[in-house]
Amino acid sequence: MVNQTAYLTEPEKFEIRESPMPVCGDDEVLVQIKHVGICGSDVMFYQEPTLGGALDVELPIVLGHECAGIIVETGKNVKHLAKGDKVALEPGIPCGKCEYCLSGQYNLCPEVNFMAAPPWKSAALHKYVSHPAAFAFKLPDTMDTIEGAMIEPLAVGVHAANRAQVQPGKSILILGAGCIGLMTLLACRGRGATDITVVDLFENRLEKALELGASRVINAKEKNVIEEIDRMTNKQGMHIVFETAGNKITAQQVPYLVKAGGKAVMVGNVHGNPEMDLFAMNNKEADILSVFRYRNIYPMAIEGVASGNIPVKKVATNFFTFDQVNEAFACALKEKQTALKVVIEF
């Protein structure tokens, strides 16, 4: 077996090179990567590795964290997985010792080793990776590794829906129909929600939202979102508002869209100060919930996909081979009006 890795050597440029074969530790599995989804954070680092000088990054780095593959070797202590198993890899490996890990909130671990994130200890754009077996989740025979790679963004949506305690009878508003917004939509439907409105600027994303079960969509280029929600709800607002776009403008809209006593769930990464009207939020006694990645979600997300209730594969729209990694990332960066989720196939 020969390993190869896609190294980001400068902004918007990858080089594929032969790289050392990873060693499979006693509690690890060696995985041949089959599919990697390109996340919005990958695209940010691809375009500007330092995020505008906010990070001290020494190139080259390796990107990718939405991944799945096939086990080719298991460590001697691994009993629940075997060679040939298809697995989805949870990319964040916590320390297991801090107060957050010990309380079950391991997504908040300050020492987490998260793929394709500082301090850049691991990533997915390799042909082979070694990974702790405890964070490698076997896929049933009915699922493929495309769906396996989609478990990571789905986990964000499931965690967001769980945090909001979505249930039947609640009106849902999702601001942003990118991958995470659509995964949140699927997660809300999986919890029984039937009244779901999705907002975006791009018609292809809104069409996909309707395909995946949205009750209605609003194109924010054509309509004033606050006025539309006021009209739809007789100025009452929505029970639960998810901000999934990671955009200052949508974040600023949240207090005016949520119903009194409702919940505002901040899922997207909004950089800078969005100047949210907290006075309006206080007058409604609405809860503000934040979402950081996920925890203890992979098994239930896999079960949801395997059952047929959560069709994550429909979110994947554009496929490239590993040798086309530069073209894949350029597509994810520059073709947002047509490309929803770009996936690299090995």
Side-chain angles (χ1 to χ4, degrees), residues 1-8 14-39 42 46 60-93 113-117 120-155 298-299 301-302 305-306 312-313 315-316 318-329 332 341-346:
M1 297 184 292
V2 176
N3 200 18
Q4 286 186 310
T5 297
Y7 293 98
L8 185 72
F14 286 96
E15 291 182 11
I16 295 178
R17 305 173 186 168
E18 190 169 317
S19 55
M21 180 63 68
V23 175
C24 182
D26 291 345
D27 298 302
E28 295 181 328
V29 288
L30 183 63
V31 177
Q32 183 180 12
I33 296 295
K34 289 297 183 182
H35 287 95
V36 176
I38 298 178
C39 175
D42 292 321
Y46 162 74
I61 57 174
V62 184
L63 298 177
H65 61 264
E66 302 175 358
C67 58
I70 297 175
I71 294 176
V72 296
E73 183 183 343
T74 61
K76 68 178 184 179
N77 296 333
V78 178
K79 308 300 181 187
H80 68 290
L81 296 169
K83 183 178 179 180
D85 285 348
K86 293 176 293 185
V87 289
L89 303 184
E90 183 170 343
I93 309 304
N113 170 20
F114 198 92
M115 283 183 170
W120 310 104
K121 292 181 179 179
S122 62
L125 283 177
H126 307 271
K127 287 196 171 182
Y128 296 90
V129 301
S130 59
H131 200 74
F135 291 87
F137 295 87
K138 184 177 178 178
L139 302 176
D141 293 339
T142 55
M143 286 179 63
D144 59 29
T145 52
I146 300 175
E147 293 166 310
M150 295 296 98
I151 293 298
E152 199 279 338
L154 175 61
Y298 265 53
I302 290 171
V305 174
V312 290
K313 193 184 283 189
V315 179
N318 298 67
F319 293 84
F320 294 83
T321 64
F322 181 52
D323 291 343
Q324 296 174 312
V325 62
N326 281 294
E327 293 90 336
F329 271 77
K341 169 59 71 175
V342 179
V343 179
I344 295 174
E345 298 186 301
F346 288 71

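Count residues from 1 along the sequence.
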Carefully, step by step, assess Ile33 and Tyr128 under the rule side-chain contact (heavy atoms from CB on, under 4.5 Å). CA-CA 6 Å; Ile33 296 295; Tyr128 296 90; over 6 Å; no
Here the gap from Ile38 atom CD1 to His65 atom NE2, rounded to the nearest 0.5 Å, amounts to 11.0 Å
For Ser130 and Leu30, the nearest pair of non-hydrogen atoms, with its separation, is N-CD1, 4.2 Å
ask   = Centroid-to-centroid, Tyr7 to Phe14, below 6.0 Å?
value = no
On a heavy-atom basis, the closest approach of Ala116 and Gly64 is CB-N, 3.4 Å
Notebook entry, point to check: Are the side chain of Gln324 and the backbone of Thr321 linked by a donor-acceptor contact shorter than 3.5 Å?
Noted result: yes
For a quick test of your reading: what N or O donor-acceptor pairs under 3.5 Å do the side chains of residues 134-147 make, sequence neighbours left out?
{"residue": "Asp144", "atom": "OD1", "partner": "Ile146", "partner atom": "N", "Å": "3.1"}
{"residue": "Asp144", "atom": "OD1", "partner": "Glu147", "partner atom": "N", "Å": "2.9"}
{"residue": "Asp144", "atom": "OD2", "partner": "Lys313", "partner atom": "NZ", "Å": "2.4"}
{"residue": "Thr145", "atom": "OG1", "partner": "His35", "partner atom": "ND1", "Å": "2.8"}
{"residue": "Glu147", "atom": "OE1", "partner": "Asp144", "partner atom": "N", "Å": "2.9"}

**Report entry** Verdict with reasoning, Val325 to Phe320, per side-chain contact (heavy atoms from CB on, under 4.5 Å)
**Finding:** CA-CA 7 Å; Val325 62; Phe320 294 83; over 6 Å; no
Between Lys127 and Val2 the two heavy atoms that sit nearest each other are CD-O, 4.5 Å
Applied to residues 60-72, the salt bridge (Lys or Arg N to Asp or Glu O under 4.0 Å) test, sequence neighbours excluded, yields Glu66-Lys341
Of all heavy-atom pairs linking Met150 and Val343, the shortest is CE-CG2, 4.0 Å
For Pro91 and His131, the nearest pair of non-hydrogen atoms, with its separation, is CA-CE1, 4.4 Å
*asked:* Is there a side-chain contact between Pro60 and Leu8 in this structure, where contact means two heavy atoms from C-beta onward sitting under 4.5 Å apart?
replied: no
From the list Leu125, Asn318, Asp323, side-chain contact (heavy atoms from CB on, under 4.5 Å) with Ile344 holds only for Leu125
Those residues at least two apart in sequence (or on a different chain) that pass ring-ring contact (aromatic ring centres under 6.0 Å, His included) with His126 are none
Problem set entry | Candidate pair Trp120 and Val62, rule side-chain contact (heavy atoms from CB on, under 4.5 Å), full reasoning | CA-CA 8 Å; Trp120 310 104; Val62 184; over 6 Å; no
Smallest heavy-atom separation, Tyr298 atom then Ala155 atom, equals CE1-CB, 4.0 Å
Rounded to the nearest 0.5 Å, the CZ atom of Phe346 sits from the SG atom of Cys67 at a distance of 9.0 Å
Query raised in the report: Do the non-hydrogen side-chain atoms of Phe114 and Lys121 ever get within less than 4.5 Å of each other?
Result: no
**Q.** Criterion side-chain contact (heavy atoms from CB on, under 4.5 Å) on Leu154 and Val305, from CA distance to verdict
**A.** CA-CA 9 Å; Leu154 175 61; Val305 174; 3.6 Å; yes
Those residues at least two apart in sequence (or on a different chain) that pass side-chain hydrogen bond (donor to acceptor under 3.5 Å, both in side chains) with Ser122 are Asn113
Contacts of Glu90 meeting side-chain hydrogen bond (donor to acceptor under 3.5 Å, both in side chains) (sequence neighbours excluded), chain-then-number -> Tyr106
Contacts under 3.5 angstrom, residues 68-82 side chains, donor-acceptor by atom type, not counting sequence neighbours:
{"residue": "Asn77", "atom": "ND2", "partner": "Asp27", "partner atom": "OD1", "Å": "3.1"}
{"residue": "Lys79", "atom": "NZ", "partner": "Lys76", "partner atom": "O", "Å": "3.2"}
{"residue": "His80", "atom": "NE2", "partner": "Ala133", "partner atom": "O", "Å": "3.4"}

